[in-house]
Protein chains: 2
Amino acid sequence: MITLVSILRKSFANGARMGAVDVTGNAMARPRRAPPSADRPAVASITSVAARAGVSIATVSRIVNGIANKAGPETVERVQRAIAELGYRPLSVGRALRRKESRLVALLAANLGNPAMAAIAASAETALREAGYVMVLCDTHDRPELQDEYLLEMRAQLVRGIILLGAVPSTHLERFVQQGEPLLFVNRRSPFAGTAPFVGVDNALAGAEVADLFLSRGIHDIAVVHGSLKSSATAERLEGFAQRLAGAGIRLPKSRRLTAPLLDHLAIGYAAAGRLVAPGPVPRGIFCLSDLIAYGVHKRLLEAGVRVPGDSLVVGFDDNPLNNWLAPWLSSVRVPYASFGAAIVEAFDGIWSGATSRHVELPHELVLREP
Amino acid sequence: MITLVSILRKSFANGARMGAVDVTGNAMARPRRAPPSADRPAVASITSVAARAGVSIATVSRIVNGIANKAGPETVERVQRAIAELGYRPLSVGRALRRKESRLVALLAANLGNPAMAAIAASAETALREAGYVMVLCDTHDRPELQDEYLLEMRAQLVRGIILLGAVPSTHLERFVQQGEPLLFVNRRSPFAGTAPFVGVDNALAGAEVADLFLSRGIHDIAVVHGSLKSSATAERLEGFAQRLAGAGIRLPKSRRLTAPLLDHLAIGYAAAGRLVAPGPVPRGIFCLSDLIAYGVHKRLLEAGVRVPGDSLVVGFDDNPLNNWLAPWLSSVRVPYASFGAAIVEAFDGIWSGATSRHVELPHELVLREP
DNA sequence: TCTTGTTGGGCAAACGTTTACCTCGGAAGA
DNA sequence: TCTTCCGAGGTAAACGTTTGCCCAACAAGA
C-alpha cells in the first residue's frame, strides 16, 4: 500500500497516466491511517440545530438562507439562538453537492514567481472574499499538462469560475472554452478562436505610448527586449510599439528585437543585454516588455559601464511597486494591479449572469523616473 | 432580495454580525439568476460510468479507489474503458461529504503584498500539489476578525489543514488550537500557550549571526529597525541580535531600536531612517528585520548622502531574490523560501499521522554583498 | 357559509460518493 | 462429502444540504 500511494503521488505530480486508478486523478493524498480527529469535538450540523430548536431541518435551512414567509418570528428567534449557541455554520460540501455549485473560484497563474502575477493574485483574493468567494490558487508553471490537470481538478471541485492568469494553449483549455465553462482570461487572451472574457490593459496602446516617449525625446536608436511571443500580452506590446515607430519612419530590425531561450525574465534581460553591449554602441532607448527583463538588462548595462537613464533610457512594463524604492532609474508602464481584483469580480458577474463576453479594460500609465 | 444580498455581502466583507442569516456567514454570493449552465454538457458521474460498464456504482468506486480483490480483471478493464470514454473524474464534494474530509489545504497569509510571503505561498502551492492537495489562499491583512472569519470558513470547507503564515492572536484561533484542529504555524509561532507545529528558520540564531558580522568588522555603533514586535519572528531576531551584542559588551539603547507606527515595512524603514540621519551621525551598522525595511532605510540614507555599504553597513532579512539584481548594496539573511513548501508538507504528514507536535527548522544563510 | 389565498412548517427526495454488509460460486482442506 | 474460505460483486445506508410538495390553520372575500 505504501508503494501504491507513492506511485500515485508521483504520477499525479507529473500528470502521467499509468493505470486505472490514476486515470481519474484521485486516490492520492489519502491518509495512511485515520487522522486523529476523534478527539476533536463534533462540529454542529443542521440536524443538531433543528433538534435544539425543536423544528425540522427544512425550517433551519430556510431561515439560514433567508427564505421569507416560511417561519414565524418566534421560530426564527429560536433557531437563531440555537445556531449561535452551537456555533453552527453550514458545511460547504453539503451545500455544494446539493446546489451543484461551490463558492470556490480558481486562479491558475502561469508563474507565481513573477511579482506582477503575485500582485494580481493578492488583489483577486481580496476582491473575491469581499464578494463572498473563496480563492483556490494554482501555479501552472506555464506547463500545458499541468494546466490541464488543474482545469480537470477544478471542475471536479465544482468551482464557480476559473481565472486564467497567463494561459498557455492546452487540450482541455480548448475544450473548456468550447463547452462554455466559466473562464476568465487575465493579461493574456485566450489562445483559441472566438472571443473569451478578458481583463487586462491595452497592451498595444501602451507599447505605442512608449514609442511616443522615445520619439519625443529624439531617440531613434532603439531596441526591444522581450520574453516569449506566445503570450498575447507580449506580442501586443511589441506590435503596438513597432507599429508606432514604423509610423514615424523608424523600423526595428531583427537585430534590435532581442530575446533569449530562457524562462526567467531576469535571465532573458541579462543575456539579451549582453548582445547589446558587446558590439556596441548601446541603443539610446531600450523597451523591456516586463520589469523583470528591465532589471536583467540594467544589471548587464551597469557592468558595462552604461549609465541609465543617462546613456540609455530603459523603459519597463508592470511598474513593480518596489521600483520607487529600488529602481529609481527605471521608467515603466504602470499596470494597476491593485484594481485587477475588482475588475475580475465584475467580469465574473457578467459571465454568471449570462453576458456573452465580458471584457474589462484597465487603465495604464507611463511612469517616468529620471533621478 | 437585491438589497438583502448586498447587505449580506457587505457584512461578510467586514466580518460584522447583523442578523440571523449572516450569523452563519452564508447566503452571500448566490447568483441573482440561475447561471446559464444549461448549455454546458452534463459531466459524467459514477452512475453513468456504472451504467456504461454494466456494473454497480460500488464496483466503479472500488476500482477507482484501487481496492484490490473486489473486481475481476475483465471488469476492471471494462470500467476503465468507460471512465476514459466518459472522461469521468470523481466529484470532490461528493467524496468530501462522505469522507468528511477534503483535499483542500488553506494558507492564511498575513500580508501577500510582502514578497517573502508571496514566495512561501508559491512554494507551498507547488509542494502541496505534488502531494495531491489543492491550496486555498487567504490574505488576512493582519486583521484578527478576518482571520477568524477565514478559520471558520475553512472549517466549513472541511479543509485538511490550515497553514498560518504570520498568525495574529484571535478568538477562534485560540479555540482551534485548543480543539486540536490541524494547524501549522509558519514564520510566526503560535501566539498562544502550548507548543503548536511550526516551520521556519532559527530567528534568534540568525540575529546573533548578524551581530557577529558587525562585531567582526569592528562595527560598534549599531542600530536596528524593526516592524511590530507582536510577530514572534521579529521579536526573536531582535532578541538574538541584542543578546549577542550584549555578550560583547555592547548595549543597544532605546534610541537605537527604531520602528514606526505603520503597517508598510517600506514606510517604516523610511521613517525610521529619517530619525537616524537627522541628529546624525548615522550608525555604521544597521540591522533591518526585513528586506522591505532595508529598502526604506536605504532610500532615506541615499537621500541624505550616506553611502551603503561604505558609510553604513545595512543588513536585511529574507534576502529577496531581486536583491541580486536591484540591491547589490544589501547584505541579508537568506531564508530558503523555495524549500518551505516541502517542509510544510512534511510537517503536515507528521500532524496527520498524529505526531504530537511537528517542528521543522530550516537553514538560513547570511549573504554578504559589497560591490 | 363556502371558496380562495396566504402563512408556517414538515416530509422526503435528491445531489455523488464510499463502505459495511450480504450473497453467490467455486476452490481448497478435512 | 462437508466445511471453510476467498473472490467478485451487488444493495443500501450515510454524509449535510436544499427544495418541491403536501397539509393545517387561519383570514378575507363572495
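So that the names make sense, note that chain A is the first sequence line, chain B the second, and so on, each numbered from 1.
Atom CD1 of B:Ile63 is separated from atom P of C:dT17 by 14 Å (rounded to the nearest Å). Following rounding to the nearest Å, A:Arg89 (CZ) and D:dG16 (P) show an atom-to-atom distance of 17 Å. When rounded to the nearest whole Å, the span between CD of A:Gln157 and P of C:dG16 equals 16 Å. Between the CZ atom of B:Arg78 and the P atom of D:dA8 there is a distance of 13 Å, rounded to whole Å. Rounded to whole angstrom, the span from the CD atom of B:Glu101 across to the P atom of C:dT18 amounts to 13 Å. Look at CG on B:Leu91: it is 18 Å from P on C:dA14, rounded to the nearest Å. Here the P atom of nucleotide C:dT17 and the NZ atom of A:Lys100 are 9 Å apart, to the nearest Å. Rounded to a whole Å, the CZ atom of A:Arg99 is 16 Å from the C1' atom of D:dG20.
With sequence neighbours excluded, no residue forms a salt bridge (charged side-chain N to carboxylate O under 4.0 Å, His left out) with B:Arg175. Remark: B:Phe348 pairs with B:Trp352 by the ring-ring contact (aromatic ring centres under 6.0 Å, His included) rule, at least two apart or across chains.
Taking only side-chain atoms of B:Thr59, from C-beta outward, the nucleotide of D:dG9, C:dC11, D:dC15 with the closest atom is D:dG9. Closest approach to the A:Ile46 side chain among C:dG16, D:dG16, D:dG10 is made by D:dG16 (side chain taken as heavy atoms from C-beta onward).
Checking the phosphate oxygens (OP1, OP2) of C:dT18, a side-chain nitrogen or oxygen of B:Asn65 falls inside 4.0 Å. The phosphate of C:dG8 has neither OP1 nor OP2 within less than 4.0 Å of any side-chain N or O from A:Thr75. Here B:Arg98 does not reach the OP1 or OP2 of D:dA14: none of its side-chain N or O atoms lies under 4.0 Å away. Taking 4.0 angstrom as the limit, B:Arg95 places a side-chain polar atom (N or O) nearer than this to OP1 or OP2 of C:dT18. In this model, the phosphate group of C:dT19 is not approached by any side-chain N or O of B:Ser61 to a distance below 4.0 Å at OP1 or OP2.
Using a 4.0 Å heavy-atom distance criterion, A:Leu97 is classed as a base contact. Residue contacts shown for B:Ala71 are limited to sugar-phosphate atoms, with no base heavy atom under 4.0 Å away.
Checked by atom type, the side-chain pair A:Ser170/A:Asp148 shows a donor-acceptor distance below 3.5 Å.
Residues in residues 57-66 of chain B take part in no salt bridge (Lys or Arg N to Asp or Glu O under 4.0 Å) pair, two or more places apart or across chains.
Salt-bridge check for A:Glu145 with A:Arg143: passed, with a basic side-chain N closer than 4.0 Å to an acidic carboxylate O. Between A:Arg129 and B:Glu153, none of the side-chain N atoms (NZ, or NE/NH1/NH2) sits under 4.0 Å from a carboxylate O, so this pair counts as no salt bridge. Between A:Glu74 and A:Arg78 there is no salt bridge, since no side-chain nitrogen of the basic residue lies less than 4.0 Å from a carboxylate oxygen of the acidic one. B:Glu149 and A:Arg89 are joined by a salt bridge, as a carboxylate oxygen and a charged side-chain nitrogen come within less than 4.0 angstrom of each other.
Between B:Leu137 atom CG and B:Leu112 atom CG the span is 5.0 Å, to the nearest 0.5 Å.
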Go through it in stages, so that I can follow the logic: the residues are A:Val134 and A:Leu128, the test is side chain to side chain contact (heavy atoms under 4.5 Å, CB included), and I'd like the CA-CA distance, side-chain angles, deciding distance and then a yes or no. CA-CA 7 Å; A:Val134 172; A:Leu128 286 170; over 6 Å; no
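In this structure, A:Ser190 contributes its side chain and A:Ala196 its backbone to no donor-acceptor pair below 3.5 Å. A:Thr140 contributes no side-chain N or O that, together with a main-chain N or O of A:Leu108, makes up a donor-acceptor pair within less than 3.5 Å. Panel note: side chain A:Asn65, backbone A:Ile67; no donor-acceptor pair is recorded below 3.5 Å.
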Spell out protein contact along nucleotides 22-29 of chain C as letters: B when the base is contacted, S when just the sugar-phosphate is, - when no protein heavy atom is under 4.0 Å; keep the 5' to 3' order. --------
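Contacts between residues 47-57 of chain B and DNA chain C, defined by a heavy-atom separation below 4.0 Å, involve B:Ile57, listed by number.
For D:dG10, its base sits under 3.5 Å from the side chain of B:Arg62 at one donor and acceptor pair at least.
Each end of the helix from C:dT1-D:dA30 to C:dA30-D:dT1 gets its own axis, taken as the rotation carrying the C1' atoms of four end pairs onto the next four within a five-pair window, and the two axes meet at 50° to the nearest 10 degrees.
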